[in-house]
Amino acid sequence: MSAASTAEPAFVAKTKTGRVTDFVDQRVGGSGILREFGRKVFPDHWSFMFGEVALYSFVILLLSGTFLTFFFDPSMAETHYDGSYVPLKGVEMSVAYSSSLDISFDIRGGLFMRQVHHWAALLFVASIAVHMLRVFFTGAFRKPREMNWVVGGVLLILAMAAGFTGYSLPDDLLSGNGLRIIDGVIKSIPVIGTYISFFLFGGEFPGTAVIGRLYMLHILLVPALILLMIVLHLFMVVVHKHTQYPGPGRNDNNVVGYPLGPVYAAKAGGFFFIVFGVLALMAGFFTINPIWNYGPYDPSPVSAGTQPDWYIGFVDGALRLMPGTFGDWQVEQTWLGFVFSFNVLLPALVPAGILFTVMFMYPWIERWVTKDDREHHVLDRPRNAPTRTAIGMAGFVWYCVMWAAAGSDLIATHFSVSLNDVTYWLRALFFIGPIIAFIVTKRVALALQRKDREIALHGRETGRIVRLPHGEFIEVHAPLDEYKRYKLVGFESPQVLPAVPNEHGVVTRKEKRRAFLSKWFFEDRVAPATPAELEAAHGHGHEAVEAPEAAKSLSH
Amino acid sequence: MGNHSDGSPSHSGTVARAGQNEVEKFQDPGIPPHRLRLADTDPKAAKRAERQVALLFGISVVGTLIFLVAYFAIDLGAEDSSIGTIRLQNMLLGLGTAFAMLGIGTGIVHWAKALMPDHEVSEERHAIRYEEDRQAAVRIVDDIVEETGIKRRPLIRNTLLGAVALAPLPAVAIFGDLGPRPDNKLAHTLWAPQEGKLKRLARDPDGTPIKASDVTIGSAFHVIPEGLNDLHEGKLNEKAKAVVLLMRLDPASLNPSEGREDWGYNGIVAYSKICTHVGCPVALYEQQTHHLLCPCHQSTFDLTQECKVIFGPASRPLPQLPIAVDDEGYLVATSDFKEPVGPSYWERDMHERSVNS
């Protein structure tokens with residue numbers, strides 16, 4: 001203490017801002033945090049923005065959602081509408097629906113906030129999904145980020161839960177039918193299904209309890225869990241530092257990009273306002289969920305062409321695709337006096353179950369197959385991991401087939417084709433679509449790799465045709481500079497790892513399976529070009545001039 | 001030329017590992033040289049960028065003003081206000097907010113991209129865990145475990161585990177009143193005769209009873225049980241089970257199975273409207289083909305085959321409501337449904353047997 005006072009005089013801030021900052025700093029120690037983060041380097045790439053979009057959509061959801069809670073009344077008590085929307089005047093409805101109409105018609109800016117909230121919710125789930133696709137296809141889930149991949153997957157599930165609970169709140173005809181479907185799915189669960197349904201709805205469907213319960217989940221439990229997961233997610237991003245795309249000067253030991261302050265913070269902060277602005281534009285110009293057109297919930301009417309919000313579509317589509325009967329054989333079975341509704345249970349649980357299980361386990365599957373325990377901070381270009389990219393596309397196509405099935409009736413009416421035929425085609429695609437996607441994607445990725453090799457070794461096509469003295473026409477290829485070339489050649493290309501015996505000299509069955517998968521993963525590979533190959537490529541021709549035949553022979 | 005690794009599976013067979021073949025690899029040339037932007041070299045360009053940023057911030061101010069004007073100047077409560085007024089206000093609020101936000105956002109981003117230093121910098125990554133820390137942590141945990149003595153005193157450990165395992169049970173049990181027990185509520189509907197009086201079929205939603213003579217061939221009615229609208233509690237619950245579709249076909253096209261011959265009247269038949277798949281209302285009647293179609297998942301039922309499933313995910317036919325005509329000519333249900341309506345559930349078969357016994 002005395003040492004400090006004698007050695008050097010205590011710091012005295014000169015400006016007012018400085019004094020306030022110093023006051024806070026002396027009490028909570030902000031200097032250390034600022035020193036750590038103020039200039040922290042973030043790599044920059046447009047595809048890193050999807051996660052940001054998700055984060056900002058969530059902030060906008062919190063802001064607009066808080067506004068809506070001030071006016072929404074989650075009661076299922078009966079009332080007669082007395083607001084300013086004439087077509088529904090005097091109609092019997094729940095207080096929840098009535099207050100949603102009031103928000104839309106009698107509270108200034110209420111409709112705008114409802115639409116901002118709904119659009120932001122759609123964007124929230126969409127941006128999480130696209131962000132996860134980016135992470136998957138670039139291999140960003142590899143060590144040390146496996147756990148963050150899982151947190152991200154949990155966030156996707158929570159986002160869908162938040163979306164569905166919110167979608168049901170206005171108690172309009174459309175959302176009521178959505179709940180009806182959920183009730184039907186729950187009832188198909190063996191043993192406890194009927195009980196879960198009665199406990200969720202507080203008795204028989206629709207009851208008078210479910211909106212209030214969903215409201216609590218929607219505004220308290222689910223957002224709190226999302227917030228917790230976001231904190232975990234970002235904490236791990238800080239611990240790991242961000243991944244970066246491959247390129248000159250980038251490797252697994254460094255991080256190349258812009259410092260947080262000022263450039264990165266400005267770009268990311270500015271981007272929040274851009275996301276908000278785009279959502280405001282959508283809310284201002286595009287109607288979403290016009291509940292006044294649907295009317296209050298009533299178990300009797302339903303309109304054709306009804307769709308769930310997009311993220312529930314794949315489950316709804318799976319429900320549509322599953323045949324309930326094969327000829328006279330019923331898929332629903334009664335065994336020992338109890339009912340097994342496989343026609344509901346299987347499509348509701350199995351595809352989503354497979355998608356999420358494979359998604360959560362994938363980092364460990366790949367780690368096991370490759371025996372790769374190193375940290376990876378440099379991303380893969382999707383073409384440089386052909387089998388992974390193909391697996392991802394197979395899953396994506398599978399999802400899209402189910403998603404398209406949720407709109408089978410709209411496809412049929414818009415394109416004037418038979419609804420039954422659309423369903424038959426989609427049933428077929430459900431099985432063969434992923435296989436075709438896998439094969440095509442893998443071939444495309446390998447072809448792109450060969451193209452990269454060709455460009456790295458022979459330069460890029462200039463489009464300049466030159467006639468040689470003996471009459472031959474050739475196209476001049478310009479060599480790449482070393483930075484561009486490094487981007488094409490600086491990647492790892494894993495090879496097949498054959499099965500090896502363990503310490504007892506035995507090749508276990510598990511190891512054989514791993515070796516089989518390793519072969520399946522890495523059998524087809526295009527190795528990165530090497531300096532020797534570049535030397536050879538230039539040796540047989542002129543510098544920077546390559547005949548097209550030579551290029552062809554390379555890619556058999 | 002070097003064609004040994006062009007995708008053919010038969011390679012040398014060696015295992016590629018990091019660091020191997022380092023000599024054969026291209027060397028990392030390092031971060032490319034920095035290229036200056038126009039604004040870095042030309043003060044005029046920098047000044048221009050500065051003005052552009054300021055203009056964007058100015059647009060944001062205009063946006064905020066548009067919002068405020070739209071909010072206060074447009075009166076939703078006015079006599080002549082209509083859905084068009086709300087549309088206009090909503091559009092202007094959106095436009096104002098969009099300008100306000102996009103102005104700030106694009107302004108800041110433009111500022112960052114055009115004027116702030118854009119040197120890419122490289123930073124070392126640090127190990128996520130240091131071996132020294134790990135060893136220290138292991139020692140600390142060992143000390144903690146040792147000090148609790150939990151290994152030496154298994155009695156304490158086991159009783160604690162037992163207590164902790166049981167303690168959450170009340171937290172589960174306390175949710176026991178979330179809903180009543182299902183019992184056999186799903187097996188019965190409002191169609192059951194009350195005190196010997198048969199329920200008339202009434203129009204949905206106004207509740208007026210339907211005469212058999214009102215039902216012409218080819219017509220269809222959405223039907224609720226008489227008295228449903230007088231319910232004060234649980235009206236929607238009852239309606240969710242009791243809604244019925246009433247149609248009249250040429251009696252020759254109906255092929256009632258044994259025991260169901262008298263469930264219709266002169267070609268008039270009534271079927272539950274609640275889909276046996278997951279419970280949507282089967283609201284679409286194709287008059288020409290005599291098919292009923294559920295708009296939610298496209299289950300299709302054939303009226304001429306007692307609503308057997310002919311397409312889609314439903315597995316069971318729609319339950320039929322036995323009807324007749326009372327002495328005043330009104331259609332009545334002679335009994336409740338002979339099976340539970342709506343989506344299947346675990347106890348459904350038991351309920352069906354108990355209804356029929």
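Because the structure is predicted, anything quoted here is derived from the model rather than measured. Residue numbers begin at 1 in each chain, while the letters A, B, ... track the order of the sequences.
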(message) Using every non-hydrogen atom in the two residues, find where B:S315 and A:G324 come nearest and quote the distance to one decimal.
(response) OG-O, 2.6 Å
(request) Kindly give the heavy-atom pair with the smallest separation between A:N254 and B:S122, and that separation in Å. (result) ND2-OG, 3.4 Å
(message) Could you go through B:K25 and A:E492, starting from their C-alpha distance and side-chain angles, then the distance that decides it, and tell me whether this counts as salt bridge (charged side-chain N to carboxylate O under 4.0 Å, His left out)?
(response) CA-CA 10 Å; B:K25 274 189 168 173; A:E492 269 181 28; 5.6 Å; no
(request) Name the region of B:D28, side chain, backbone, both or neither, that has any atom closer than 4.5 Å to a heavy atom of chain A. (result) both
(request) For the pair B:E123 and A:K241, find out whether any cationic side-chain nitrogen is under 4.0 Å from an anionic carboxylate oxygen. (result) yes
(request) Answer yes or no: are there more than 12 heavy-atom neighbours, outside B:R353 itself, under 6.0 Å from its atom CZ? (result) yes
(message) What part of A:F271 gets within 4.5 angstrom of chain B, counting heavy atoms only: side chain, backbone, both, or neither?
(response) backbone
(request) Tell me, yes or no, whether the heavy-atom count around A:K484 atom NZ, taken from other residues, nucleotides or ligands under 6.0 Å, exceeds 12. (result) no
(request) Measure distances from A:P347 to the heavy atoms of chain B and classify the residue's part below 4.5 Å as side chain, backbone, both or neither. (result) neither
(message) Looking at A:F285, is its backbone amide N or carbonyl O close enough to the side chain of B:N90 to form a donor-acceptor pair, meaning the two atoms are under 3.5 Å apart?
(response) no
(message) With a 3.5 Å distance limit and no angle check, can you tell me whether B:D349 reaches the backbone of A:T334 through a side-chain donor-acceptor pair?
(response) no
(message) Which residue is it: B:R316, B:H277, B:R348? I am looking for the one with a side chain to side chain donor-acceptor pair (under 3.5 Å) to A:E332.
(response) B:R316
(request) Taking the side chain as every heavy atom from C-beta outward, state whether A:P206 and B:N237 have any pair of such atoms under 4.5 Å apart. (result) yes
(request) Compare all side-chain heavy atoms of A:V255 with those of B:R125 and state whether any distance is below 4.5 angstrom. (result) yes
(request) Over all heavy atoms of both residues, which pair between B:A240 and A:R180 is shortest? Give the atoms and the distance, please. (result) O-NH2, 2.9 Å
(message) Are the side chains of A:F276 and B:T97 in contact, using a 4.5 Å heavy-atom criterion?
(response) yes
(request) Please assess A:T194 against B:E347 for the test side-chain hydrogen bond (donor to acceptor under 3.5 Å, both in side chains), listing each intermediate value before the final yes or no. (result) CA-CA 8 Å; A:T194 319; B:E347 303 88 349; 2.6 Å; yes
(request) Please look at B:V243 and chain A and tell me whether the side chain, the backbone, both or neither of the residue comes under 4.5 angstrom of a heavy atom of that chain. (result) side chain
(message) Please classify the contact between A:V275 and chain B as side chain, backbone, both or neither, with a heavy-atom cut-off of under 4.5 Å.
(response) neither
(message) Please classify the contact of B:H110 with chain A as side chain, backbone, both or neither, using a heavy-atom distance under 4.5 Å.
(response) neither
(request) Can you see which heavy atom on B:P281 is nearest to which on A:S300, and at what distance? (result) CB-O, 3.0 Å
(message) Please identify, among B:G176, B:A70, B:P205, the residue contributing the most non-hydrogen atom pairs under 4.5 Å to chain A.
(response) B:G176
(message) Within the 4.5 Å heavy-atom criterion, are B:E120 and A:Y258 side-chain neighbours or not?
(response) yes
(request) With a 4.5 angstrom heavy-atom cut-off, could you sort out which part of A:F105 is near chain B: side chain, backbone, both or neither? (result) both
(message) So which residue, B:G103, B:P343, B:A98, ends up with the most heavy-atom pairs under 4.5 Å with chain A?
(response) B:A98
(request) Could you have a look at B:P117, B:A112, B:C296, B:C280 and say which one has the most heavy-atom pairs with chain A under 4.5 angstrom? (result) B:C296
(message) Taking every non-hydrogen pair under 4.5 Å, which of B:I74, B:L284, B:I128 racks up the most with chain A?
(response) B:I128
(request) Below 4.5 Å from any heavy atom of chain B, which atoms of A:S408 appear? Answer side chain, backbone, both or neither. (result) side chain
(message) Using ring centroids (six-membered ring only for Trp), state whether B:W346 and A:Y195 fall under 6.0 Å.
(response) no
(request) Could you check which of B:K273, B:M350, B:E352 has the highest count of heavy-atom pairs closer than 4.5 Å to chain A? (result) B:K273
(message) At a 4.5 Å cut-off on heavy atoms, which part of A:S84 comes close to chain B: side chain, backbone, both, or neither?
(response) neither
(message) Using heavy-atom distances under 4.5 Å, tell me whether B:K239 contacts chain A through its side chain, its backbone, both, or neither.
(response) both
(message) Given heavy-atom pairs under 4.5 angstrom as the criterion, report whether the side chain, backbone, both or neither of A:A532 touches chain B.
(response) neither
(request) Could you tell me which of A:E78, A:K267, A:R108 has the largest number of non-hydrogen atom pairs under 4.5 Å with chain B? (result) A:R108
(request) Against chain B, label A:E375 side chain, backbone, both or neither, depending on which of its atoms sit under 4.5 Å from a heavy atom there. (result) side chain
(request) First locate atom CZ of B:F26, then atom CD of A:E533, and finally report the distance between them rounded to the nearest 0.5 Å. (result) 8.0 Å
(message) Between A:F342 and chain B, with a heavy-atom cut-off of 4.5 Å, which part of the residue counts as in contact: side chain, backbone, both or neither?
(response) neither
(request) Answer with side chain, backbone, both or neither: which region of A:I181 has an atom nearer than 4.5 Å to a non-hydrogen atom of chain B? (result) both
(request) Under 4.5 Å heavy-atom distance to chain A, tell me which part of B:F67 shows up: side chain, backbone, both or neither. (result) side chain
(message) To the closest 0.5 Å, what do you measure between OG (B:S299) and CZ (A:R320)?
(response) 10.0 Å
(request) Could you look at B:F311 and say if it's the side chain, the backbone, both or neither that has a heavy atom under 4.5 Å from chain A? (result) side chain
(message) Under 4.0 Å between a side-chain nitrogen and a carboxylate oxygen: does that hold for A:D328 and B:K308?
(response) yes
(request) Test side chain to side chain contact (heavy atoms under 4.5 Å, CB included) on A:F273 and B:V109 and set out the steps. (result) CA-CA 10 Å; A:F273 292 97; B:V109 170; over 6 Å; no
(message) Is A:I107 in contact with chain B via its backbone, its side chain, both, or neither, using a 4.5 Å heavy-atom distance?
(response) backbone
(message) Please classify the contact of A:R39 with chain B as side chain, backbone, both or neither, using a heavy-atom distance under 4.5 Å.
(response) backbone
(request) Using a cut-off of under 4.5 Å on heavy-atom pairs, state which of B:L92, B:T106, B:L95, B:L102 scores highest against chain A. (result) B:L102
